[in-house]
Amino acid sequence: ARIAEEARIAEEARIAEEARIAEEARLAEEARIRMDEEIAEAARAAEEEARLAALPKASYDVAIIGGGPAGLAAATTIKRKAPNSNIAVIEAKETLGGRVSSDKIDGYILDRGFAVFIDSYPQSKKLLDYNRLKLRPFQPGAFVVTSDGWKGGMKCGGDSDVFTISRVADPLRRPQDIIAAVTSPVGSIMDKLRVIPLLVHVVKSSVDELFDEDETDTLTALKMRWGFSDQFICQFFEPFLGGIYLAPLTSQSSRMFHFIFKMFTEGSACLPEGGMGAIPGVLEKDLRNWRQGMEFSTSTKVTGIKPMDGEDQGEWLIETAGDNVKAGKVVVATEGPAANKLVAAGAGAGTDGTPQRSVGCVYYSLKNPPINDPILVLNGCQEKGTEEKPINNMCFPSLVSKTYSPPGKHLASVTVLGPTMDLFRGEDGKIDEEKLDLAVRSHLRCWFPDAGVNNWETLKIYDIMNAQPAQYGCDTPANVNRGRNFKAPEGVLVAGDHVGTATLNGAFERGVNVARDVIKTL
């Protein structure tokens, strides 16, 4: 009986343990099922949240990606011709203006890379109100720094340590400079006489005719077509055109040379009182005055452009790091590399074959400039673009417009071309600013030994990587008057200087032409 009782108790314990284990397993399974349901619900909620987030928060007739000159020109043209249109301008940076921008620091206006505004640009005259810009012109011509010891050829490095600053004058616009023009040591008498047929040619020819000419590189045009000497090319044309197009003469288009020479002959190089940033600023201000149908989104990077389907077929979804939007038409007015990435054009369809030129600019504050004229200063020496002689050109913007510096101070702007900037670039890709500053000051002391260059205060150094698209010697050069075709899906149009000419006029022109195509569909 005792043994039987113990067996009964053991059996009951076993049955109880099995029941406990079964209950725990049941509870664990229920917990797993609840967990799976919660995970699935969370996934459904996240999917729905993502779907809702991807839906456009606003709808526009036109979305313009990029708030630089081309994008603002496109928006301005559309609103002027189709005032009831609904437009959004989406810009990745904090401010509009793109590469044409200015910083204001301690009473100084620092253009982000030295540039001038040429008031004879055809599209600029149509688009902008010059009175509002309060343009201040440079004096025609240039001061050219040369040295003794010239050797035959442009790159023989025959410079001595004796530097001379001479005026290259424009007696057509400043008759009082005719004696300086004749007696200037820069250029022989034959070089100066050969300028005359060049002037006649660009003045008599229309812009379209100049761009229809057979094309060579600019160095070939200067030597073979116009007959200029190596010395004159080295002393004047090389630094002058290099400062405009940021490339060697062999990488510049003869068509672009004739175009820009025509613009300088018929107009003036100027600075707006508010800095170069005032140029897109005028367009921005006018666009913001539209009370309806005009919206801006800055600090908003566009990550993709996708066609929509269903009831929104024919519309475009613009994906951003913030809220997405949709639009009937999309104008991509970014720099070339960004435009090619967004539109995802196939090989040869976009402008992937257009390299970007770079440039640097060093700004100094000083009390007394060594020259008194509002004029460009060019490095006409054979040695240029080296670590010892990095300067291509410089000027004192405050002599052009007093607004560029506070009272009692002046501003110096020094341009260093991209390949020379790379000589001061470290393995991390950053410029050694101290080394660059010392090299620039050393070079300036050669030109202005009594100017107290050591006492000039360094304000800021700009290293601008995508300053300008290449215009010659590549698959898709930016030298196409009125713009080139950029293969993009229907409803997406591309604007910018990389699909036109590598000038501010080219950016404006392409923006206006694209806008006209958009207006036809509104």
Side-chain angles (χ1 to χ4, degrees), residues 60-83 85-93 95-102 115 117-133 135 207 259 263 270 272 274 276-290 293-298 327 329-336 338-339 351 468-469 478 480-484 486 488 492-522:
Y60 302 94
D61 297 319
V62 186
I64 298 174
I65 304 171
L72 294 174
T76 298
T77 303
I78 295 171
K79 290 302 287 185
R80 287 177 179 177
K81 300 295 184 181
S85 57
N86 192 18
I87 303 174
V89 175
I90 307 171
E91 168 59 44
K93 297 179 181 177
T95 59
L96 302 180
R99 293 191 297 245
V100 186
S101 303
S102 305
F117 178 74
I118 304 176
D119 60 8
S120 55
Y121 275 155
Q123 193 61 66
S124 300
K125 291 192 290 187
K126 298 175 184 178
L127 192 66
L128 299 168
D129 180 356
Y130 284 7
N131 291 327
R132 295 169 62 190
L133 290 175
L135 299 174
V207 171
F259 168 70
M263 295 298 100
C270 305
M276 291 296 290
I279 298 168
V282 167
L283 298 179
E284 178 187 353
K285 184 175 180 180
D286 288 346
L287 288 170
R288 290 188 183 277
N289 284 338
W290 288 89
M294 192 71 240
E295 294 191 22
F296 296 89
S297 179
T298 56
K329 299 291 181 183
V330 179
V331 175
V332 179
T334 64
E335 297 173 353
T351 55
Q468 192 181 110
V480 183
N481 188 36
R482 303 190 187 281
R484 70 167 65 251
F486 189 111
V492 177
L493 302 96
V494 179
D497 56 2
H498 65 103
V499 283
T501 59
T503 61
L504 178 61
N505 187 76
F508 280 153
E509 184 177 63
R510 185 60 178 171
V512 169
N513 290 342
V514 162
R516 289 170 178 165
D517 292 337
V518 170
I519 291 168
K520 296 174 184 178
T521 66
L522 296 179

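The distance from atom CD1 of I64 to atom NZ of K329, rounded to the nearest 0.5 Å, is 13.5 Å. Taking OG1 of T76 as the reference point, atom CG of L127 lies at 5.5 Å (rounded to 0.5 Å). To the nearest 0.5 angstrom, T77 atom OG1 is 10.5 Å from L72 atom CG. Summarising the geometry, atom CG belonging to L133 is positioned 9.5 Å from atom CE belonging to M276; distances are rounded to the nearest 0.5 Å.
Residues passing the side-chain hydrogen bond (donor to acceptor under 3.5 Å, both in side chains) test with D286 are R132, sequence neighbours excluded. Residues satisfying the side-chain contact (heavy atoms from CB on, under 4.5 Å) test with N481, not counting sequence neighbours, are V207, D208, F211, E509.
Looking at F117 and S124, their side chains come closer than 4.5 Å, going by heavy atoms from C-beta outward. The shortest distance between side-chain heavy atoms of I279 and P272 falls below 4.5 Å.
Looking at N505, its side chain does come within 3.5 Å of a backbone N or O of Q123 through a donor-acceptor pair. Between the side chain of D61 and the backbone N or O of I87 there is no donor-acceptor pair closer than 3.5 Å. Counting only distance, with no hydrogens or angles, the side chain of R510 and the backbone of V494 share a donor-acceptor pair below 3.5 Å.
Taking every heavy atom of both residues into account, H498 and R484 meet most closely at O-NE, 4.4 Å.
Below 30°, between 30° and 60°, or above 60°: for F259 and Y121 the angle between ring planes is below 30°, a parallel geometry.
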N/O donor-acceptor pairs under 3.5 Å from side chains in residues 515-522, not counting sequence neighbours:
unit_1	atom_1	unit_2	atom_2	d
R516	NH1	N513	OD1	3.4
T521	OG1	V518	O	2.7

